There are 4 protein chains.
Amino acid sequence: MLVDGGHPRRREPGIVTDVADRSGDKTRQVDRFDQRRAQLAMSALVTLSELGYARTSLREIAQNSEFSHGVLHYYFRNKAELITYCVKQYKAECVTRYDRMVETAETAEELKTAFGAATAATLRENARLHRLWYDLRNQSLFEKLFQAEVLAIDETLELMIWRVVSRYAELLGKPADFAPSTTYALFDGLFQQGLLKHLAGREDAARCLQDSVEQVLARLFTT
Amino acid sequence: MLVDGGHPRRREPGIVTDVADRSGDKTRQVDRFDQRRAQLAMSALVTLSELGYARTSLREIAQNSEFSHGVLHYYFRNKAELITYCVKQYKAECVTRYDRMVETAETAEELKTAFGAATAATLRENARLHRLWYDLRNQSLFEKLFQAEVLAIDETLELMIWRVVSRYAELLGKPADFAPSTTYALFDGLFQQGLLKHLAGREDAARCLQDSVEQVLARLFTT
Amino acid sequence: MLVDGGHPRRREPGIVTDVADRSGDKTRQVDRFDQRRAQLAMSALVTLSELGYARTSLREIAQNSEFSHGVLHYYFRNKAELITYCVKQYKAECVTRYDRMVETAETAEELKTAFGAATAATLRENARLHRLWYDLRNQSLFEKLFQAEVLAIDETLELMIWRVVSRYAELLGKPADFAPSTTYALFDGLFQQGLLKHLAGREDAARCLQDSVEQVLARLFTT
Amino acid sequence: MLVDGGHPRRREPGIVTDVADRSGDKTRQVDRFDQRRAQLAMSALVTLSELGYARTSLREIAQNSEFSHGVLHYYFRNKAELITYCVKQYKAECVTRYDRMVETAETAEELKTAFGAATAATLRENARLHRLWYDLRNQSLFEKLFQAEVLAIDETLELMIWRVVSRYAELLGKPADFAPSTTYALFDGLFQQGLLKHLAGREDAARCLQDSVEQVLARLFTT
DNA sequence: CATGAATGAGCCTTCATTCAT
DNA sequence: CATGAATGAAGGCTCATTCAT
């Protein structure tokens with residue numbers, strides 16, 4: 001658990017983000033506080049995804065942004081909190097994208113193809129951001145500090161995958177044979193290997209990933 | 001131009017430049033050099049697997065061993081070479097262990113059970129070392145330096161898994177439906193999720209892993 | 001690609017990006033940055049001129065000052081930048097001093113005497129600082145890094161000497177027979193030998209230098 | 001002064017080098033000791049002249065030679081003694097070469113041309129070795145340890161130059177107007193500037209040096 | 001609110017030197 | 001004689017964090 005170090009303005013963030021237009025001063029302040037955090041996180045993602053957690057200094061992040069060095073410490077307790085916030089923010093976006101896909105597809109075949117394509121696309125387009133996620137998850141293996149957050153994100157992803165698979169099952173008219181966690185593990189394994197190869201420069205990494213994702217998705221169900 | 005800055009280390013350790021099978025001085029010396037490296041690596045693994053690559057300093061490694069700080073630099077070009085050596089050494093052992101298992105099993109069912117059990121066992125017993133491997137693999141996403149070595153180790157592991165699956169196919173009398181790389185990715189995904197949960201303190205992580213490994217192995221083949 | 005590793009230092013110190021003549025914040029800040037640099041350089045010169053470039057550590061410099069070790073790294077990219085800055089700053093002063101001398105002298109004889117005296121005086125009084133300059137120039141023979149800066153300083157000195165000689169020629173009513181670079185080389189040779197002897201403890205080094213400088217200056221012109 | 005650190009075999013070198021074939025064991029041993037030193041020094045010159053004193057480690061020297069690292073410490077008290085020995089050995093050769101030139105020339109004009117040519121030639125061909133000499137001389141400004149040796153070498157060079165100039169005077173039938181030390185300082189200044197420019201890549205450095213050397217030589221005498 | 005100056009612990013690496021063999 | 005393993009001090013540099021303004 002994080003201990004509040006007594007920062008004058010620090011508060012548990014995220015509490016009021018959904019309330020748009022309240023007139024209380026306090027509320028507005030909190031809103032601005034969170035807006036600032038989001039803004040900083042967005043900016044930090046550039047550097048962070050480029051260099052990874054361990055190799056990124058807060059100074060570097062500041063330099064590659066329009067913000068000062070000190071402001072990062074003002075809005076985030078420390079580096080750990082910053083990266084967690086960043087990744088969480090990014091992963092939330094990801095989930096949304098997949099969910100739209102699920103809603104759009106009308107046949108099992110269509111969903112399977114869309115899923116494979118989306119996976120390959122994000123591998124190609126967001127390789128760096130995914131790599132940052134894996135970096136954070138890896139950190140969590142060593143620093144208890146990250147564990148809770150990472151586990152939470154991972155669960156979100158597991159659910160996302162599960163929504164895809166459930167929907168596929170529904171369209172197919174068969175129940176899936178694997179547990180959500182197992183299912184997620186399988187696709188995550190595929191994706192990570194794909195990322196490894198993609199970043200190693202293998203041109204066909206994304207295509208291969210697409211194929212294997214489709215193949216595996218189909219095989220989750222007894223023929 | 002002068003080369004290499006004059007580090008005392010032998011350039012290609014382990015390769016005996018003389019006649020291969022002689023009890024001469026050279027050979028013995030090279031052996032001692034390599035023995036020392038192995039010894040240091042073994043010692044380093046303790047600290048390394050405890051803290052991870054980025055958080056471990058060579059000083060700390062030395063402190064946790066009976067050697068001086070300088071000796072690490074004497075035997076390894078740098079931190080990167082040390083960790084690579086360590087992980088490679090450890091993973092080579094792993095592979096051997098799995099291969100023995102493959103040779104021992106006499107029926108498909110037996111192999112499947114043995115595979116699941118071995119996976120679960122190593123998750124329980126060597127969690128830290130596995131975590132170190134994933135740490136290194138993760139580094140390689142950011143530092144080209146590690147890439148080649150990591151890819152090589154990964155390939156070794158893929159082959160190891162493939163030997164298991166091939167043997168299973170043989171005993172089963174059916175060909176596997178998945179490519180070696182896909183197969184490896186799946187089991188690796190399972191294992192990594194298992195590790196994540198195990199290190200997060202979930203008591204059932206190993207057991208769940210065992211089950212899902214067996215389930216997935218069976219499902220690699222068309223019923 | 002990300003640039004520069006995020007060092008806090010301003011990229012082009014001393015160049016006010018805004019309007020030149022304003023009392024605004026930016027300007028004042030830049031000034032303070034440069035003031036600090038100058039202050040640190042001044043402080044560093046003590047240690048540096050005592051021990052020379054290679055034998056001086058930044059830690060030592062810091063210890064002999066009122067600043068912390070880290071502050072040196074904050075204001076200078078690295079050791080090389082620091083020493084270059086120091087020497088450049090010092091040499092600029094030197095040049096000013098000589099130039100004043102040139103302006104003051106009213107006859108050729110007077111200038112010759114003043115030149116000899118000034119040379120001898122600075123040998124006596126600033127031996128250590130001159131030795132530091134030669135040290136830096138010597139480094140530049142091995143490290144390309146310093147080359148440009150050293151060449152630039154050397155050129156400044158050449159011009160300075162040339163201003164003396166030109167003025168002498170003017171007062172004498174004769175043109176000098178030697179090229180500026182040759183002229184500089186001659187006086188530099190004299191000075192360096194003088195320094196060598198002075199630092200070796202020869203009491204008459206400065207006096208000898210004074211004599212030979214005057215003798216050579218006269219001989220630059222056809223009788 | 002160097003203190004004998006009690007090395008079992010160390011003795012003041014050079015004592016018996018001129019006696020070629022004596023039968024005493026001791027003598028032969030000393031001879032071999034010195035031969036070894038010369039051999040090591042020759043080998044060390046390569047690395048030393050490439051990197052300079054401060055940047056060269058004994059390890060590097062050993063690596064770039066056929067000798068072991070330890071042997072350097074066996075034959076030389078320390079790095080300082082090694083470099084001094086090296087440079088002294090090299091400079092002795094230089095002197096010989098110039099002296100041959102003096103003997104060969106038959107007219108003043110011829111000698112002047114030969115001197116200019118020889119200076120330019122050695123600038124071109126032995127730039128690195130000269131740079132090493134200047135490096136050592138520079139060290140001596142900071143380390144008293146080197147002072148005596150450097151002063152001795154410098155004196156040798158001064159005498160060498162003086163032999164050239166004396167001979168020139170003789171052939172010319174006029175006495176030189178400058179003292180030996182001044183004369184040496186002038187040519188040394190020219191040479192050092194030439195070296196600076198040559199190593200900075202200026203193609204015409206040697207040619208310019210040749211011209212100015214001849215010009216200055218002529219101007220040493222009243223017309 | 002925001003800045004960026006300043007700190008000092010800590011890291012990787014280099015190296016002269018010692019010494020057992 | 002010669003080797004090269006081992007040491008440990010020292011150096012340049014990075015960085016999260018603190019804090020005065």
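Fair warning: this is a prediction, and the values are worked out from it, not measured in the lab. Computed from heavy atoms alone, side chains included, the values below leave out hydrogens, waters and symmetry copies.
Following rounding to the nearest Å, C/H69 (NE2) and E/dG10 (P) show an atom-to-atom distance of 13 Å. Taking atom CZ of D/F76 as the reference point, atom C1' of E/dA16 lies 16 Å away to the nearest angstrom. In this structure, D/F33 atom CZ and F/dA2 atom C1' are separated by 13 Å, rounded to whole Å. Taking atom CG of residue C/L145 and atom C1' of nucleotide F/dG12, one finds them 14 Å apart after rounding to whole Å. Between A/E81 atom CD and F/dT17 atom P there is a gap of 11 Å when expressed in whole angstrom units. For the pair D/Y53 OH and E/dT14 P, the interatomic distance rounds to 19 Å; values are reported in whole Å. The distance from atom CG of D/L82 to atom C1' of E/dA16 is 13 Å, rounded to the nearest whole Å. Spacing between atom CZ of A/R59 and atom P of E/dA5 amounts to 9 Å, rounded to whole angstrom units.
Checking D/K79 against B/A54, the closest nucleotide of DNA chain E that is more toward the 5' end is the one next to B/A54. Both A/R55 and A/G70 lie close to DNA chain F; mapped to their nearest nucleotides by heavy-atom distance, the more 5′-ward contact belongs to A/R55.
A search for ring pair (Phe, Tyr, Trp, His ring centres under 6.0 Å) contacts involving C/Y85 returns C/F76, not counting sequence neighbours.
Across all strands shown, C/R36 has heavy atoms under 4.0 Å from sugar-phosphate atoms exclusively, and none from any base.
Distances were taken from every side-chain heavy atom of D/S57 (C-beta onward) to each of E/dC12, E/dA16, F/dC15; the shortest belongs to E/dA16. Side-chain proximity of C/Y75 to the nucleotides F/dA16, E/dA6, F/dC13 is greatest for E/dA6.
The pair D/E81-D/R37 counts as a salt bridge, with a side-chain nitrogen and a carboxylate oxygen less than 4.0 angstrom apart. With respect to the salt-bridge test (charged N to carboxylate O, under 4.0 angstrom), the residues D/R55 and C/E143 qualify.
In this structure, a donor-acceptor pair under 3.5 Å is absent between the side chains of C/Q35 and C/R32.
When the C1' atom is compared between E/dC1 and F/dT21, the two are found 12 Å apart, to the nearest whole Å.
In this structure, D/Y74 does not reach the F/dA2 phosphate: none of its side-chain N or O atoms is under 4.0 Å from OP1 or OP2. Residue C/S68 places none of its side-chain N or O atoms closer than 4.0 Å to OP1 or OP2 of E/dG8.
Across all strands shown, F/dG4 forms a Watson-Crick or G-U wobble pair, both distances under 3.5 Å, with E/dC19.
You'll find the side chain of A/K144 reaches within 4.5 Å of the side chain of A/Q147, heavy atoms only.
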